[in-house]
Structure formats: structure tokens, C-alpha cells
Amino acid sequence: MPAPGPKPMEPARDYPLFGGAFSAALPPGALDVSDLRPVPDNQEVFCHRVTDQSLIVELLELQAHVQGEEAARYHFEDVGGVQGARSVQVDSVQPLLLENLALRSCCQEAWVLSGKQQVAKDVTVHQALLRLPQYQTDLLLTFNDPPPDHRLSLGPENLSLPPWSLGDFKQLVTGLTLHDPNIFGPQ
């Protein structure tokens with residue numbers, strides 16, 4: 001009997017991330033990619049059950065040499081380079097109000113960036129950068145939103161699980177909660 005495949009998660013208010021050090025609300029139909037393939041320890045990666053969309057939460061070393069909007073651009077371009085993007089284009093960078101974040105007590109600044117990266121195809125990328133200097137950490141949340149594959153929308157089984165929206169990403173970003181600061185090591 002074959003092993004059961006990964007089960008899609010239902011909307012979870014407090015889905016544990018990084019061994020329970022964080023929690024966040026994930027959108028409907030999120031599959032934990034670590035159930036499918038190895039994922040680096042500093043990442044939590046989720047994919048949509050039907051579309052090619054993905055959500056990534058990354059704990060990165062604080063890039064103190066860049067500040068403000070330039071820090072968001074730095075991480076966007078860095079991710080594009082790692083993914084081998086042929087081109088990267090920033091469409092907008094906006095500050096994120098700290099008062100809207102569950103992490104407001106430890107986040108010094110936050111930015112939301114939208115742009116495009118051309119990898120195999122043009123992918124719209126939305127990123128939120130939450131800077132946690134007391135932990136020497138840049139927390140990067142990424143929503144990869146490739147163009148819809150129209151073949152996927154033909155089957156009636158796919159009608160029950162719509163693509164993720166910017167609202168789903170905003171809920172992930174604003175609701176991300178830290179439970180155990182020991183994840184950052186001794187302070």
C-alpha cells in the first residue's frame with residue numbers, strides 16, 4: 001500500500017513554524033513542501049495544492065549595510081540572483097505599519113515590495129521584510145505568484161480551491177507571531 005501523500009492544510013490560525021518558535025495563519029490548501037523534499041533549516045516553504053503559487057518564510061542574517069527601502073530591494077535582488085532570474089524588476093516598495101504586525105514589539109522596520117522576476121517565466125513576487133536587529137535577523141516572507149496556468153482552471157475539482165490572494169499574504173505577514181526567541185540563539 002503506497003504511503004499517503006501530504007495533506008493540504010485547512011486555514012490555521014496558529015500553524016507552527018520553525019519547530020513552534022513562530023506561528024502563522026496559512027491560506028487554504030497550503031502544502032508543507034518539507035513533506036515533499038528537503039527544505040533548508042532557515043526556511044518554511046508552502047505550495048498551493050492546485051496552482052504554482054508558493055509562500056516562503058526565511059530567517060536570514062541581518063544585512064546591516066542596507067537600510068530602509070534599500071534593504072527590501074537588496075533581498076529581492078538577492079533572491080532573484082539565487083534563483084537564476086534573467087531579470088528582476090521592482091514595481092513598488094512601501095513601508096509596512098509596525099502597529100499592524102503581531103511582531104511589532106521586536107520589529108524595527110518593515111517593508112513590502114512587489115516586482116517581477118523572470119526565471120522560467122515571468123513571476124510576480126511579493127515580499128515582506130521584517131527587520132529584527134536585536135536578533136541580528138532579517139525575516140523575509142515571499143509570495144511567488146506565477147501567471148495562471150489556464151489548463152488548471154478547466155477541472156471542476158479545482159473550483160473549490162481558489163488561487164491565493166494578496167489578502168492571504170497580508171494575513172501571513174501581519175499574523176506571524178514569535179513564541180520562542182531562543183530560535184535566534186543566545187542573546
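All values reported here derive from a predicted model rather than from experimental measurement.
Contact check for D78 versus Q63: no side-chain heavy atoms found under the 4.5 Å cut-off. P146 places a side-chain heavy atom less than 4.5 Å from the side chain of Q53. Between V79 and L140 the shortest side-chain heavy-atom distance falls below 4.5 Å. You'll find the side chain of Y15 stays beyond 4.5 Å of the side chain of L172, heavy atoms only.
Hydrophobic clustering, defined by side-chain heavy atoms of Ile, Leu, Val, Met, Phe, Trp and Tyr closer than 4.5 Å, groups V66 together with Y74. Hydrophobic clustering, defined by side-chain heavy atoms of Ile, Leu, Val, Met, Phe, Trp and Tyr closer than 4.5 Å, groups V39 together with V33, V45, I56.
For C106, the side-chain contact (heavy atoms from CB on, under 4.5 Å) partners are L103, L132, Q134, Y135, L178, not counting sequence neighbours. Taking the side-chain contact (heavy atoms from CB on, under 4.5 Å) definition, one finds that A64 meets it with L62, sequence neighbours left out. Shown here are the salt bridge (charged side-chain N to carboxylate O under 4.0 Å, His left out) partners of D180, two or more places apart in sequence or in another chain: there are none. With sequence neighbours excluded, the residues forming a side-chain contact (heavy atoms from CB on, under 4.5 Å) with K170 are T174, listed by chain and number. Partners of S34 by side chain to side chain donor-acceptor pair (under 3.5 Å), not counting sequence neighbours, listed by chain and number: D32. Considering only residues two or more places apart in sequence or on other chains, H75 meets the ring-ring contact (aromatic ring centres under 6.0 Å, His included) condition with none of them. With sequence neighbours left out, the side-chain contact (heavy atoms from CB on, under 4.5 Å) criterion links P38 to no other residue. D138 is linked by a salt bridge (charged side-chain N to carboxylate O under 4.0 Å, His left out) to R131, counting only residues two or more places apart in sequence or in another chain.
Scanning both residues, A128 and V173, for their nearest heavy atoms gives CB-CG2, 3.6 Å. A pairwise comparison of heavy atoms in G20 and H179 identifies O-CB, 3.7 Å as the closest pair. Heavy atoms only, all atoms of each residue included: H126 and S114 are closest at ND1-OG, 2.7 Å. For the residue pair F18 and V57, the shortest heavy atom distance occurs at CZ-O, 3.6 Å. Smallest separation of non-hydrogen atoms from C107 and L98: O-CD1, 3.4 Å. In terms of heavy atoms, Q127 sits closest to T142 at NE2-OG1, 3.3 Å.
Here the CD-CD distance, from E44 to E58, works out to 11.0 Å after rounding to the nearest 0.5 Å. One finds the CD atom of Q89 at 8.5 Å from the CG atom of D122 (value rounded to the nearest 0.5 Å). Taking CG from L26 and CG from L17, the interatomic distance works out to 6.0 Å, rounded to the nearest 0.5 Å. In this structure, OG in S54 is found 9.0 Å from CG in D145, a value given to the nearest 0.5 Å.
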Test side chain to side chain contact (heavy atoms under 4.5 Å, CB included) applied to F184 and L59, step by step: CA-CA 9 Å; F184 302 110; L59 300 174; 4.2 Å; yes
From CA spacing to verdict: side chain to side chain contact (heavy atoms under 4.5 Å, CB included), D91, K116: CA-CA 8 Å; D91 294 331; K116 291 189 177 40; 3.5 Å; yes
L139/F22 under side chain to side chain contact (heavy atoms under 4.5 Å, CB included): CA gap, chis, key distance, verdict: CA-CA 11 Å; L139 185 55; F22 286 88; 4.2 Å; yes
Check against side chain to side chain contact (heavy atoms under 4.5 Å, CB included), V90 and L113: CA-CA 7 Å; V90 174; L113 180 148; 4.0 Å; yes
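Under the side chain to side chain donor-acceptor pair (under 3.5 Å) criterion, the residue pairs touching residues 103-112 are E109-W111, with sequence neighbours excluded. The list of ring-ring contact (aromatic ring centres under 6.0 Å, His included) pairs with a residue in residues 87-108, not counting sequence neighbours, is empty.
Under the 4.0 Å criterion applied to side-chain N and carboxylate O atoms, R73 and E77 are not assigned as salt-bridge partners.
Side chain of T177 to main chain of G175: a donor-acceptor pair is present (N/O by atom type, distance under 3.5 Å, no hydrogens or angles). E70 places no side-chain N or O within donor-acceptor distance of the main-chain N or O of H65, the cut-off being under 3.5 Å.
Taking the six-membered ring where the residue is Trp, F143 and W164 present tilted rings, their angle falling between 30° and 60°.
For D41, the CG atom is loosely surrounded, since the number of other residues' heavy atoms within 6.0 Å does not exceed 12.
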